[in-house]
Number of protein chains: 2
Amino acid sequence: MEPVLIYDTTLRDGTQGENINFSAEDKIKIAKRLDAAGIHYIEGGWPGSNPRDQQFFELAKKVRFEQARLTAFGATRRPGIKPEEDVNITALLESRTPVVAIFGKSWDLHVKTIMNSTLTENLAMIGDSVSYLKASGKEVVYDAEHFFDGFKESSEYALQTLATAVENGADFIVLCDTNGGTLTFDIETITAEVFKYLKQRFNKSSADRIKVGIHTHNDCGLAVANTITAVRQGAVMVQGTVNGYGERCGNADLTAIIPILRLKMGLECVSDENLARMKNLSRFVSETANIVPLNSRPFVGKSAFAHKGGIHVSAIMKESRAYEHMQPELVGNHRRVLVSDLSGKSNVEYKAKELGIQLGGNGYDSRKIVSRIKQMEQAGYEFEAAEGSFKIMVEKITDQFKPLFDLESFRVVIEKDRDRPCSAHATIKISVDGRKEITAAEGHGPVSALDNALRKALDRFFPQVDAMHLVDFKVRVIDGRDGTAAKVRVVIESRDSDDIWSTIGVSEDIIEASWQALADSFHYKLTKKDEEK
Amino acid sequence: MEPVLIYDTTLRDGTQGENINFSAEDKIKIAKRLDAAGIHYIEGGWPGSNPRDQQFFELAKKVRFEQARLTAFGATRRPGIKPEEDVNITALLESRTPVVAIFGKSWDLHVKTIMNSTLTENLAMIGDSVSYLKASGKEVVYDAEHFFDGFKESSEYALQTLATAVENGADFIVLCDTNGGTLTFDIETITAEVFKYLKQRFNKSSADRIKVGIHTHNDCGLAVANTITAVRQGAVMVQGTVNGYGERCGNADLTAIIPILRLKMGLECVSDENLARMKNLSRFVSETANIVPLNSRPFVGKSAFAHKGGIHVSAIMKESRAYEHMQPELVGNHRRVLVSDLSGKSNVEYKAKELGIQLGGNGYDSRKIVSRIKQMEQAGYEFEAAEGSFKIMVEKITDQFKPLFDLESFRVVIEKDRDRPCSAHATIKISVDGRKEITAAEGHGPVSALDNALRKALDRFFPQVDAMHLVDFKVRVIDGRDGTAAKVRVVIESRDSDDIWSTIGVSEDIIEASWQALADSFHYKLTKKDEEK
């Protein structure tokens, strides 16, 4: 079976996304990861459009890709000149990539109104540019921009632009839904029309050799559906980006398309090993872009296989496919069980086992723990976002909690004079096995001062706290459910060299809530280390 | 033309999403907004499963909905008992909603392996439950859980469960892709099979009256496509959630489906006015859930009509449909141009006029203000959510700001001893027209103490502060873009007897940020009162 070819444009179309910016070095790193993940084509940038992309192609000349074919992107020649006179086309050749992609106009509106040119000249631009690049020894991908919009308004002309690219030797013709407004049904019928037209226009053996690609955008939330629909109609190349990053609502998301092609449609595209790298690839690109990963992202998101409802969890323990449409491990992801007031006994049992806690020793079984969780969540706690505090809470209820330190007292002072910035400092007194320690510290704000002071006090007893630090700090005001004062929920995320964990505190007072979360964070990590010894 | 009925389950299935938690009061607020947006059915919760949902239905008894029909959700009766003996079904009736939705099993795997029951008993459970609820005077929505998975393994049995619900009087039968693993092509053929079966099984006039609904999940990124595909096959009810919130990868996103049905498929569902509320509805739900809105969300996201590429921007100025698949205003959104600061000029002029501020007096015209706003937003401010601070900021830039009071200094002390709760008190010194005032106050936490102290100090000069109070207090940690320490954004909502206003502060220190927002809040209100005199 011929594989469906994966054409990644994260480094070009992906960077059109709001807040997506890569340095040339970032792009090289991502290109290497894409290559290692079995992607067939990597569109690196538009060398004619900006210096950063030019720099990328310079750097890329020194990189040896295992299997991916590096591609430079540009446009057909400008009206009225020869391809060799067009600086953009020259820049494409100077990139020295084995593959070149050029886009041309399929929509008469664009030819006439935007480009102020004629339909005939546009066909010449497509033909000349493709044949020049072929004569220069390139594999040529022809992107038919706005193909579906053009087809809807003037199908004959849109088809003619494709035929021109084919006649001049394009290796691929790619149907683009540039504005992302086309519905799946229309993608289906128009793609079928394209194949019908090509068969009529060319003799059988030529028509059979024509390779069609698909490029979609997600403006209607249909990019993935539109892509797989075109593949089902016969497209053999899929253009998209990692995580669907791209202009407006993004491009087609390869981290969803690849698993669907492979696992649901049974098509060849990447190997099993590479499929299992999908989640890491997704994470790597979001990290490099400094974009918070979308938890709900299909296949690769943190929540993609997370179960909250008690019914679901008990069913999954009997038979995973009851509530999971596939094995998470196939794409490098894993199942997670969330604990909340919507969950039941089985969630708690699953979780307790995972965290290594014995239940029932003091008569507190999973049923009693569930009802305690429900009470606490009613009071504003949320354990699904705070595994660290969940563990400590269960240990406390089941008499398995051994405090490593006790608070004697703390005092935080915040001062401000006129326009000068605030200053915050904290003093804290703790005891560890009867030995007292009192310290003081400053910080950016009261919580940071308290964190620094506690860390300093603990350092004498537990030097490993040096490696821990606060990563994130979330505060939410929650409604006073019983007409009392509003409460504050603080969730703290902490990290050391090899672990990330979350803890929670709830109080009418933000500092009290922060203290609970801070104390839990240190307790969680210090006892965890203990167990591992 | 009969409208496609929109069935919102944000308040039930939506809350299965990771980190989506609503209080009963939140749920009431959202239900009112859904009603005002023209949604036909609102599924409020599962009264049998948790106290919060029970509380919601109690509160809802006092709410008059304009057009939406409130729905309580539950399951078919348990095996071996009568419906009237089932506490869950009793809880449904006690919710006193006009509509009840119950789910039942369509997949033999679930009946046998998970539920340990028989195929015959399952049919009886469906039939008994539907007919009991019909006899109790309810409109009944029957959700066929795992319908598509069940159909794939045993189509005959899956279809039989539907027929049982129909025979017992269900008003709607809803085909659910519970695990979200079904591809669009399969949704199409299986839905067509369902209609074919119903026509064979029932006489024509009965078959024509059967109303079919669709409920999809987004595990393959196909929820929207799967929904509109089922509608095209004849489904007349669409179940989904605002923003697609829901378990794992979420439910079908109504904020995408409604615009597609209306604008792309030409079907009736909500009015033009309500369609134009789509973006605000999306924002309201994400705010209430305290989930950062997804910028790239189709139709309603901040980036959905944002243009970055220079080619696109110049083309759009000639002809908007060249790079926009629809008019953003139809869904209450607007175009944004990311490269040019020209985009904001008219907004600033409009806003300044609304707030009664003269521009340009000191040379600071709207263009310069736009570039200042961009700088401040880059630093973490967000004026869209804080009109009060926007006004003060523009007044400061244009030399029109007259401070009513000046801060001399403040000091906040937070203390905690062992397990006793925190205490917080603040002292503050301000000056008003050269007259000094120093006071102290306590509070629930440092911000509340500071608010109380400031209010007490101002009271001598501005007695109207008595009527003002803090309504909401939101804190978000924002990324340090330049590798500096993380900043905190505080948004405060304040209220008096006839007004609500918001102000903002940004700093590395939460107290400093809170102070900025507090000071702005008092300034905004006190000067506004002044103008009105």
Side-chain angles (χ1 to χ4, degrees), chain A residues 16 18 110 113-114 179-181 183-184 219-222 224-225 247-250 253 256 260 264 295-296 298 303-304 306 308-309 315 318-319 322-323 325 338 341 382 385 407 409-418 421-422 444-445 472-473 475-477 479 481 485 508-512, chain B residues 16 18-19 21 23 25 50 110 113-114 179-181 183-184 219-222 224-225 247-250 253 256 260 264 290 295-296 298 303-304 306 308-309 315 318-319 322-323 325 407 409-418 421-422 424 444-445 472-473 475 477 485 508-512:
Chain A
Q16 298 284 325
E18 189 166 3
H110 268 264
T113 312
I114 309 297
N179 293 3
L183 299 191
T184 312
D219 296 75
C220 294
L222 298 170
V224 172
E247 191 159 31
R248 305 185 311 272
C249 307
D253 184 354
I260 291 175
K264 304 262 170 181
N295 287 344
S296 61
S303 309
K308 191 162 168 179
K318 288 187 193 164
E319 171 83 45
Y323 283 99
H325 71 101
L338 308 177
D341 66 350
E382 251 182 34
L407 175 72
S409 65
F410 68 69
R411 172 184 290 224
V412 184
V413 180
I414 306 122
E415 288 174 302
K416 184 176 168 75
D417 281 308
R418 295 176 187 264
C422 274
H444 297 295
D472 199 6
F473 173 73
V475 184
R476 157 132 212 227
V477 177
D479 288 343
R481 303 227 167 124
E508 288 174 5
D509 183 327
I510 192 172
I511 304 296
E512 170 77 40
Chain B
Q16 297 283 330
E18 187 166 5
N19 296 329
N21 293 286
S23 66
E25 291 80 6
N50 66 75
H110 269 264
T113 313
I114 309 296
N179 294 2
L183 299 192
T184 313
D219 296 75
C220 294
L222 298 171
V224 172
E247 192 159 31
R248 304 185 312 270
C249 308
D253 184 355
I260 291 175
K264 303 264 169 180
N290 198 19
N295 287 344
S296 60
S303 310
K308 190 161 168 180
K318 288 187 191 165
E319 170 82 44
Y323 283 99
H325 72 103
L407 175 71
S409 65
F410 68 67
R411 172 185 291 226
V412 184
V413 179
I414 307 122
E415 287 173 304
K416 183 176 169 75
D417 282 308
R418 295 174 184 264
C422 273
H444 297 295
D472 200 6
F473 172 73
V475 184
V477 176
E508 288 174 3
D509 183 326
I510 192 171
I511 304 297
E512 170 77 40

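Owing to the predicted nature of the structure, the values given are computational and were not obtained by experimental measurement. Lettering of chains follows the sequences in order, A, B, ..., and the numbering in each one begins at 1.
- The main-chain N or O of P421(B) is never found under 3.5 Å from a side-chain atom of E512(A) such that the two would form a donor-acceptor pair.
- In this structure, I114(B) CD1 and E319(A) CD are separated by 6.0 Å, a value rounded to the nearest 0.5 Å.
- Closest approach of C249(B) to P298(A), counting heavy atoms only: SG-CA, 3.5 Å.
- Within the 4.5 angstrom heavy-atom criterion, only side-chain atoms of T184(A), from C-beta onward, approach chain B.
- Ranked by heavy-atom pairs under 4.5 Å with chain A, the list D253(B), L183(B), T113(B) is led by L183(B).
- With chain A as partner, the option from A256(B), G180(B), G181(B) having the largest number of non-hydrogen pairs under 4.5 angstrom is G181(B).
- Counting heavy-atom pairs closer than 4.5 Å to chain A, the top residue among G221(B), A304(B), A225(B) is A304(B).
- For E247(B), the part lying near chain A is the side chain, with the backbone staying farther off; criterion is any non-hydrogen pair under 4.5 Å.
- Rounded to the nearest 0.5 Å, atoms CD1 (I510(A)) and CD1 (I414(B)) are 9.5 Å apart.
- Of the inter-residue distances, the one linking H110(B) atom NE2 with K318(A) atom NZ reads 10.5 Å to the nearest 0.5 angstrom.
- With chain B as the partner, the residue from D417(A), I511(A), D219(A), I260(A) showing the most heavy-atom pairs under 4.5 Å is D219(A).
- Taking 4.5 Å as the limit, some side-chain heavy atom of H325(A) sits within range of a side-chain heavy atom of C220(B).
- Residue A424(B) comes nearest to D509(A) through the heavy atom pair CB-OD2, 4.2 Å, listed as atom of the first residue, atom of the second, then distance.
- Pairing each heavy atom of Y323(B) with each of R248(A), the nearest pair is O-NH1, 4.3 Å.
- Your options are E18(B), K264(B), E415(B), and the one with the most heavy-atom pairs under 4.5 Å with chain A is E18(B).
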